[in-house]
Amino acid sequence: MTLTQWLIFLLIIQIIHGLGTWKLYQKAGRQAWEAFIPIYNGVILMKIINRPWWWIILLFLPIVNLIMLMVVWVETARSFGKNTYLDTFLAVVSLGFYNYYLNYVADVNYVEDRKLMPKSGSGEWTSSILFAIVAATIVHTYFMQPFTIPSSSLEKSLLVGDFLFVSKFHYGARVPMTTVAAPMVHDTIPGLNIKSYAFNDKYEKRNTSWINKLQLPYMRLPGFQKIKRNSIVVFNQPADTLRNMDDFTPDRNYYKPIDKKTNLVKRCVGLPGDSLEVRNGYVFINGKQNELPDRAKLQFSYEIDLQPGKGFNDNILAYLKDRYDITDGIYLNPKNNKITIPAATDFAVNQFKNHPSVSKITKVVATKKDRNSDTFPHHPDYPWNADFFGPLYIPQKGATIDINLEVLPLYKRVITEYEGNTLKVNDNQILINGEVATTYTFKQDYYWMMGDNRHNSVDARRWGFVPYNHVFGKAVFIWMSWDGIKNPRLERFFTTVHGKGKATSFLIPFLVLLFGWIGFNQWRKRKQGKA
């Protein structure tokens with residue numbers, strides 16, 4: 001829905017509210033017209049139900065408002081003496097239309113000095129749980145969100161099994177576009193295997209469920225930092241989305257809203273306005289090789305030829321893994337006396353090449369002009385692959401480029417899918433929104449996201465630019481890390497994602513502060529009890 005359509009929708013909601021509550025307003029000593037004025041009617045309603053005015057703000061926060069609406073419906077009924085479990089049930093399942101019954105049919109009186117504390121233990125628990133969900137949803141949506149590393153694309157910097165906190169406020173929190181969804185769940189509700197949001201689960205280009213049309217336009221709160229080069233960023237995969245996280249095969253025909261597309265975490269190596277090129281697996285920005293932070297460790301695939309008579313054995317494997325931190329997935333081929341390593345750092349390889357069993361180490365890279373059809377922009381005129389790619393210009397908001405048939409494959413998806421234009425080619429002419437175009441001005445910034453594990457990362461080399469409206473946070477903190485199920489990596493608990501030098505764990509200082517705070521509170525309670 002457009003902003004205008006949302007304003008009309010909200011106006012209709014105000015009319016429905018006014019028609020269903022104006023008599024209740026009068027019984028509470030207010031004027032009937034006060035039930036119809038947008039926002040003002042909410043302020044007056046908060047006075048009637050004896051709740052703080054700032055609840056109005058919560059009613060305008062997507063996802064949070066779904067919970068708060070139910071609370072307000074129930075509180076309105078209780079303000080007029082309807083306190084039974086049946087009243088609560090009817091207020092919720094009728095989506096607030098129980099107020100119409102109270103307004104026009106029931107003989108109710110306003111309870112001015114209503115006690116706000118629940119009358120039963122179950123009521124108290126319900127209230128506590130609801131407001132805990134509201135508070136957690138606000139933090140999750142606008143401040144900080146937990147995230148789990150599912151793949152090894154940023155191996156060494158982030159490990160599979162790391163649990164992150166992702167900051168929403170660094171780049172500005174993105175207001176949820178999907179308005180009807182379960183709180184604090186991204187795609188599927190755990191344990192139930194059903195969608196967390198209103199979704200017509202059909203295999204189609206665009207979703208047609210009417211409730212999914214209740215999508216807010218893209219909006220973002222102000223941030224205090226721009227995306228910096230080499231920052232680790234979490235974003236929604238832009239061009240394709242995954243049917244589920246168990247199958248990493250992208251599916252272009254499986255539609256999801258932007259904020260419900262698959263979450264990915266990569267390193268931002270290219271910024272808006274940059275010219276980017278990949279040479280032999282290394283990124284060059286504006287002709288200069290990109291220098292990664294010292295915590296980042298590039299990894300490539302290698303083949304190791306063993307010395308004649310020094311065949312493969314378990315000792316060599318143990319040496320590779322333990323001494324040089326080689327990841328799992330080593331492929332063994334006793335027939336040709338070779339070991340293939342899917343991911344190793346240059347440092348590890350340079351050290352291991354002096355091992356007496358090693359004859360030769362070869363980096364496994366594609367050759368220049370050896371086109372890979374899975375590589376962006378998936379066009380025969382661009383013979384690119386994961387190791388030799390570009391150069392190409394990364395779009396910047398407000399920048400204008402010449403548009404022709406030669407560069408069109410690079411920016412067609414930007415112009416159409418990401419920026420909402422129609423595009424048609426007639427002979428040698430390009431028509432954008434029905435008009436002949438020789439230039440194009442970009443409407444938003446774009447970024448280039450890649451993994452450090454260069455041969456084991458599905459990244460921008462596969463699907464191209466990441467629009468700014470797909471960015472939702474900056475990875476800032478590892479609060480827990482597990483190697484498998486039973487092996488905690490204590491040295492990674494409470495470590496920062498960015499920074500120079502070896503990451504330092506703040507687990508011990510955190511535990512000292514935590515237990516100190518608990519002890520202080522216990523001491524204060526005992527002191528107050530004696531007083």
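As the structure is a computational prediction, the values presented were derived from the model and not from experiment.
- No donor-acceptor contact under 3.5 angstrom links the side chains of Q429 and K424, judged on distance only.
- Residue pairs that meet the salt bridge (charged side-chain N to carboxylate O under 4.0 Å, His left out) test with at least one member in residues 476-485, sequence neighbours left out, are D483-R489.
- T416 is not listed as a side-chain neighbour of N421, based on a closest heavy-atom distance of 4.5 Å or more.
- With a 4.5 Å cut-off on side-chain heavy atoms, N236 and T262 do not count as touching.
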Could you go through Q14 and L19, starting from their C-alpha distance and side-chain angles, then the distance that decides it, and tell me whether this counts as side chain to side chain contact (heavy atoms under 4.5 Å, CB included)? CA-CA 9 Å; Q14 299 302 314; L19 291 174; over 6 Å; no

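- Here CD1 of I478 is found 5.5 Å from CG of L158. Values are rounded to the nearest 0.5 Å.
- Applying the salt bridge (charged side-chain N to carboxylate O under 4.0 Å, His left out) definition to pairs two or more places apart or across chains, those involving residues 429-458 are R267-D452.
- Qualifying ring pair (Phe, Tyr, Trp, His ring centres under 6.0 Å) partners for Y142, counting only residues two or more places apart in sequence or in other chains: none.
- Between the side chain of N372 and the main chain of A386, no donor-acceptor pair closer than 3.5 Å is present.
- Inspection of the D387 and H455 side chains reveals an N or O donor paired with an N or O acceptor under 3.5 Å.
- Side-chain atoms of H378 do not come within 3.5 Å of backbone N or O of P409 as any donor-acceptor pair.
- Side-chain contact between P377 and K412 is absent, with no heavy atoms from C-beta onward closer than 4.5 Å.
- Taking the six-membered ring for Trp and the full ring otherwise, H470 and F235 have centroids separated by 6.0 Å or more.
- Within the structure, side chain to side chain donor-acceptor pair (under 3.5 Å) pairs that include any residue of residues 394-407 comprise T400-T441 (at least two apart or interchain).
- Side chain of H186 to main chain of K261: a donor-acceptor pair is present (N/O by atom type, distance under 3.5 Å, no hydrogens or angles).
- Residues Y468 and R220 form a side-chain contact, since some pair of their non-hydrogen atoms from C-beta on lies under 4.5 Å apart.
- Of the N and O atoms on the side chains of S457 and K266, at least one donor lies less than 3.5 Å from an acceptor on the other residue.
- Judged by the 6.0 Å distance and 45° axis criteria, R413 is not positioned over the aromatic ring of F376.
- Between Y411 and F465, the ring planes are parallel. Angles under 30° get that label, and only those over 60° would be called perpendicular.
- K502 and D294 are not joined by a salt bridge, as no carboxylate oxygen comes within less than 4.0 angstrom of a charged side-chain nitrogen.
- In this structure, a donor-acceptor pair under 3.5 Å is absent between the side chains of S152 and N456.
- With ring centers used as reference points, Y440 lies under 6.0 Å from F442.
- Listed for the D274 side chain is no donor-acceptor partner under 3.5 Å among the backbone atoms of I285.
- Aromatic ring centroids of W384 and Y382 lie under 6.0 Å apart.
- Taking the six-membered ring for Trp, F472 and F147 have ring centres at least 6.0 Å apart.
- Taking Y302 as the reference, nothing meets the ring pair (Phe, Tyr, Trp, His ring centres under 6.0 Å) condition, with sequence neighbours excluded.
- Side chain of N385 to backbone of F388: a donor-acceptor contact under 3.5 angstrom is found.
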Under 3.5 Å, sequence neighbours excluded: what are the donor-acceptor pairs made by side chains of residues 159-166?
residue: D162; atom: OD1; partner: S481; partner atom: OG; Å: 2.5
residue: D162; atom: OD1; partner: R492; partner atom: NE; Å: 3.1
residue: D162; atom: OD2; partner: L159; partner atom: N; Å: 2.8
residue: D162; atom: OD2; partner: R492; partner atom: NE; Å: 3.4
residue: D162; atom: OD2; partner: R492; partner atom: NH2; Å: 2.7

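- Remark: aromatic rings of F97 and W73 are distant, center separation not under 6.0 Å.
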